[in-house]
Amino acid sequence: MRLSSQTQSLTRFSLPSFDMTSGSKSLMWFRKGLRIHDNPALEYAAKNSTHVYPVFVIDPHYMKPDPTAFSPGSKLAGLNRIRFLLESLVDLDYNLKKLGSRLLVLHGEPGNVLIRCLKEWDIKRLCFEYDTELYYQALDAKVQSYALESGIEIFSPVSHTLFNPAEIIQKNGGKPPMNCLSFSKIAGDPHWLSSSLSTTLSMIPPVGDVGNFEVSEVPTVKQLGYEDIQEEEPPIFKGGESEALRRLRESIKDKEWVAKFEKPNTDPSAFLKPATTMLSPYLKFGCLSSRYFYQCIKEIEKEFKNHTSPPVSLLGQLFWRDFFYTAGFGTPNFDRMRGNKICRQIPWNNDDELLAAWRDARTGFPWIDAIMVQLRKWGWIHHLARHSVACFLTRGDLFIHWEKGRDVFERLLVDSDWAINNGNWLWLSCSSFFYQYHRIYSPVTFGKKYDPTGAYIRHFLPVLKDMPMEYIYEPWTAPLIIQTKANCIIGKDYPKPVISHETASKECKGKMAAAYELNKEKNGMVSDEDLQNLRTRVEDQSQVTGSRRLKQKLI
DNA sequence: CCGTCAGTTGGACCT
DNA sequence: CAGGTCCAACTGACG
């Protein structure tokens with residue numbers, strides 16, 4: 001199958017005519033997009049080249065063990081995700097070998113390594129998937145500038161997302177759409193919808209001479225310097241395209257389930273038979289093409305007259321992904337509060353002990369703690385469980401800066417995705433997109449709504465198995481003997497909640513209302529001094545200034 | 001007469 | 001579910 005010409009027109013660079021006579025070496029640079037199916041960059045590299053060098057560069061900064069981190073892993077990534085990435089690379093190598101090629105694993109700073117490759121291997125054409133993420137924007141600019149001045153052709157198609165974020169922003173008058181509905185209206189149907197995506201490649205030209213480059217196999221976790229960690233249970237995700245496609249087939253087997261899917265009705269506490277597809281880690285690394293996933297769902301929806309639709313349907317989930325990618329691409333300082341125009345400026349607390357309690361699953365709320373236990377164990381939690389713990393941290397009882405919570409997620413989640421993670425933290429901390437700060441999603445509310453039997457909590461904290469319901473949702477009422485038992489088994493202090501919901505709610509309301517005023521006044525851009533003033537003003541409860549409307553209501 | 005600005009209103013938004 | 005916030009569209013005073 002051929003990709004449509006439209007897909008290829010997505011490249012940001014003009015394509016010089018190709019000289020077949022001199023022999024042509026292409027370099028396929030893998031970063032995300034760790035797959036063979038629907039991989040326009042790889043397909044383009046394979047076309048008319050005499051040799052293709054499929055390269056992945058392992059950045060020690062990302063992969064090297066960091067013993068000072070709060071969980072096993074590197075400075076930037078938890079071990080779960082590192083392992084997932086390595087497995088994905090092994091699978092990619094395997095799939096490339098079936099097509100007569102192989103994966104060349106190199107080590108070092110990716111930009112420098114790439115430029116050395118282009119030079120030493122006399123590469124004429126560089127292919128890689130376009131990436132909207134800040135990190136890759138900077139990295140790619142460096143590599144591209146070398147390639148351009150050396151006359152190397154660059155092919156960099158958008159294939160990680162359904163739509164091209166830049167195009168969406170342009171269609172929307174230069175700004176990313178700020179809600180899901182307007183996003184889908186502007187996006188419309190993806191242009192490749194009716195064309196057939198390339199799902200198979202018959203062969204890839206052989207790898208050329210690698211000279212005196214040190215090319216390695218995909219390293220094991222152990223070779224990277226990680227101790228063999230005794231796992232009670234095997235990791236729940238196995239990385240790689242093969243596993244991704246297997247899971248995709250598995251989860252869309254029940255066609256009615258696909259057609260009737262409604263995200264808000266899925267149960268975050270379902271763990272034996274998960275309530276969602278759990279394909280997010282595969283989409284994150286591009287082991288699974290979101291466009292191929294889209295087409296599969298679309299096919300099934302055709303068979304049902306009244307299937308669900310975005311934003312709650314399964315397709316809707318892919319729209320949310322693109323929505324956040326677009327917002328992240330079009331918003332300067334998207335991953336920070338300061339200097340971020342769409343982010344409400346709030347004088348967050350800076351209590352490292354409270355943050356650590358949340359991060360280490362010892363808040364005293366079993367629902368919250370059970371979720372955090374799972375996050376550390378599996379590296380994955382249900383979307384609604386993410387809501388619970390994010391709302392808890394930023395608004396419920398702790399009121400800690402969303403950037404801190406974001407950092408913990410970014411490290412621990414196998415599917416941690418820069419745009420989606422930051423977008424959701426902005427959302428749930430009421431800093432952007434959504435602003436109903438008064439609606440405190442307390443662990444009590446969430447526990448009751450989503451886990452009426454307490455099964456989820458009991459599964460992850462087995463000590464609670466025989467505990468009466470009220471002790472699960474209100475642990476501070478538990479008799480000392482049960483508390484002690486829980487402490488012994490979990491090995492942590494199981495404290496009383498720090499602040500009652502009522503107090504937290506009031507405090508939250510005061511801060512958010514003050515932040516609203518400040519944001520209006522300063523048009524979203526505030527100085528450190530402004531924040532400091534706001535903080536002192538808010539902390540002095542007697543002088544809390546509510547919003548104008550709030551004041552009017554009081555009068 | 002018209003353009004500007006400040007203030008009001010009502011509908012849409014909500015993973 | 002309900003309701004705080006946002007954003008168009010509107011209103012009206014002013015020069």
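Below, chains carry the letters A, B, ... as their sequence lines are ordered, and counting in each starts from 1.
Separating the CH2 atom of A:W320 from the P atom of B:dT15 is a distance of 6 Å, rounded to the nearest angstrom. The interatomic distance linking A:N179 (CG) with B:dA12 (P) rounds to 12 Å, in whole Å. In this structure, A:N424 atom CG and B:dT15 atom P are separated by 10 Å, rounded to whole Å. Counting to the nearest Å, the P atom of B:dC14 and the CZ atom of A:F319 are 14 Å from each other. One interatomic measurement links the two molecules: CD1 of A:I186 to C1' of B:dC13, which rounds to 15 Å at whole-angstrom precision.
The partner of B:dT15, taking Watson-Crick or G-U wobble pairs whose two distances both stay under 3.5 Å, does not exist in any strand shown.
Under the 4.5 Å side-chain criterion, counting only non-hydrogen atoms from C-beta, A:F163 is in contact with A:P190.
For the side chain to side chain contact (heavy atoms under 4.5 Å, CB included) with A:F293, the lone residue among A:L315, A:L279, A:L162 that qualifies is A:L279.
With A:T536 contributing its side chain and A:Q532 its backbone, the two residues share a donor-acceptor pair below 3.5 Å.
Using a 4.0 Å heavy-atom criterion, one finds that A:R344 contacts the sugar-phosphate atoms exclusively.
The cationic group of A:R411 lies under 6.0 Å from the six-membered ring centre of A:F70 and within 45° of the ring axis, placing it in a cation-pi geometry.
For A:Y435, taking side-chain heavy atoms from C-beta onward, the closest of the listed nucleotides C:dT5, B:dC14, B:dT15 is C:dT5.
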